[in-house]
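When a residue number appears, it is its place in the shown sequence, counting from 1. The structure displayed is predicted, hence computed values, not measured ones. Note that ligands are numbered from 1 as they come in the structure, with each ligand's atoms numbered from 1 the same way.
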Amino acid sequence: MKIGIDKIGFYTPPLYVDMNELAEVRGDDPAKYTVGIGQSQMAVPPLSQDIVSMAANAALQILEEEDKQKIDLVIVGTESGFDASKSAATYVHQLLGIQPGARSMEIKHACYGATAGIQMAKGHIALHPDRKALVIGTDIARYGLATGGEVTQGAGAVAMLISADPRILAFEDEPAYVTHDIMDFWRPVYSPYAMVDGKYSNEQYIAFFQEVWNLYKGKNQRTLADMDAMCFHLPYTKMGKKALSQVLAEADEEKQAELLAAYEASILYNRNVGNIYTGSLYLSFLSLLENSTELAEGDRIGLFSYGSGAVGEFFAGTLVAGYREQLASADYADMFENRRKISVAEYEAIFSHSLPEDGSELAIDGSEDSSAVCLSGINTHKRHYFVK
Ligand code: COA
């Protein structure tokens with residue numbers, strides 16, 4: 001039985017900052033941001049969007065009534081959870097109208113949470129092939145104003161329906177994974193901002209990739225020649241390229257050119273959204289599907305997931321016959337087109353405006369946010385949402 005990604009949906013908030021403008025205000029050469037780091041635009045969530053509303057907005061794009069009746073597992077992977085106890089998945093389950101006989105949970109492991117969710121969903125569907133699982137990666141990446149990591153901030157969510165007989169990607173082979181306890185990126189519960197040892201996290205990302213890639217090759221008797229595209233967790237678009245460059249020499253020139261062309265297609269969305277932590281790898285996969293003109297049914301896609309702290313995992317799947325019918329390029333073009341560019345000053349004002357933490361009430365005016373699901377306010381430490 002084949003298990004894999006049956007549907008995939010993506011949401012990013014309606015505001016963004018141009019990285020050339022951010023570089024200018026920060027006194028940096030814009031080429032450092034757009035070329036050296038590889039980011040062109042950074043998504044900015046207004047107060048009306050948080051990880052729950054973004055997750056629901058991503059999932060609403062793909063779910064039909066039949067799916068809502070068959071889903072009995074809802075997993076939200078997030079690094080930016082706002083509650084140390086209540087799971088974001090319960091809000092999302094309710095907002096989407098999924099039938100109540102479901103398990104719902106939030107998984108935390110830096111940028112790895114959605115991959116952990118997918119592997120859990122795969123096991124669930126193997127035992128219950130008639131059911132479906134919803135896995136969502138949703139995050140707001142916050143390093144702080146004028147910090148080294150600021151240029152890699154972003155916001156968004158990717159929702160995936162995992163099922164038997166999937167219509168997009170069928171998982172195959174044995175995944176390869178490793179855990180090592182390191183301090184490259186973390187966020188204590190008292191801090192709204194991630195703490196990061198930037199250079200060390202880059203080195204560890206590459207070391208983890210090399211380790212799981214070698215493990216994967218050994219476990220599955222495959223080589224780089226067996227891959228038609230490789231997608232990477234993308235904290236910024238240059239990062240995956242650095243990792244890919246480590247292994248390119250294992251293939252002939254033709255394969256190298258094919259993998260590099262696929263890589264360019266796989267970073268287009270991420271370049272204009274920024275880091276969305278748990279969803280970044282899957283946004284890159286979606287970008288590849290929507291933007292590559294070379295992909296064909298049956299092609300094998302390798303996926304490298306990395307969650308600081310740290311876990312690395314490499315797994316692969318093949319594109320299912322007819323997968324293009326599940327794509328929605330025009331909708332994503334509209335989503336990007338309809339975003340509003342804000343000035344650096346506006347971004348700084350939004351960034352500095354946070355929800356009350358003392359139990360007081362705040363009603364959020366979502367009239368300028370046309371997203372289907374918005375955060376409407378907070379009172380007595382409880383968040384409230386509305387579906388338009
Ligand atoms: N034109 C073109 N490229 C330029 C440039 C210019 N004017 N100025 C600098 N660059 C290049 C640098 O050569 C470097 O490229 P390289 O990495 O290929 O050597 C790149 O831009 C970044 O410059 P650097 O000086 O290293 O930037 P930084 O000290 O501000 O830190 C990060 C960059 C990514 C470490 C920082 O943004 C960060 O901490 N990000 C968050 C953590 C993260 O995303 N980790 C990834 C693993 S999960």
Output, or 'none' if empty, a list of ligand 1-protein atom pairs in which both atoms are N or O and the distance is under 3.5 Å, rounded to 0.1 Å.
| residue | atom | partner | partner atom | Å |
| --- | --- | --- | --- | --- |
| ligand 1 | 7 (N) | Asp29 | OD2 | 2.8 |
| ligand 1 | 17 (O) | Lys242 | NZ | 2.3 |
| ligand 1 | 18 (O) | Lys238 | NZ | 3.2 |
| ligand 1 | 18 (O) | Lys242 | NZ | 3.3 |
| ligand 1 | 26 (O) | Lys199 | NZ | 2.8 |
| ligand 1 | 27 (O) | Lys32 | NZ | 3.4 |
| ligand 1 | 29 (O) | Lys199 | NZ | 2.8 |
| ligand 1 | 30 (O) | Lys32 | NZ | 2.8 |
| ligand 1 | 37 (O) | Gly148 | O | 2.7 |
| ligand 1 | 45 (N) | Ser201 | OG | 2.8 |

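Between the side chains of Tyr347 and Glu21, not a single donor N or O lies within less than 3.5 Å of an accepting N or O. Tyr277 and Ser80 share no donor-acceptor pair across their side chains, judged by distance under 3.5 Å alone.
Of the residues listed (Arg142, Arg187, Lys108), the one engaging Glu79 in a salt bridge (charged side-chain N to carboxylate O under 4.0 Å, His left out) is Arg187, and it is the only one.
Residues in residues 312-328 take part in no salt bridge (charged side-chain N to carboxylate O under 4.0 Å, His left out) pair, two or more places apart or across chains.
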Q.
Tyr177 vs Phe315, test: ring-ring contact (aromatic ring centres under 6.0 Å, His included). Steps then yes/no.
A. CA-CA 9 Å; Tyr177 36 84; Phe315 63 107; over 10 Å; no
Q) What do the steps show when you test Asp28 against Tyr33 for side chain to side chain donor-acceptor pair (under 3.5 Å), and what is the final call? A) CA-CA 8 Å; Asp28 287 326; Tyr33 291 21; 2.6 Å; yes
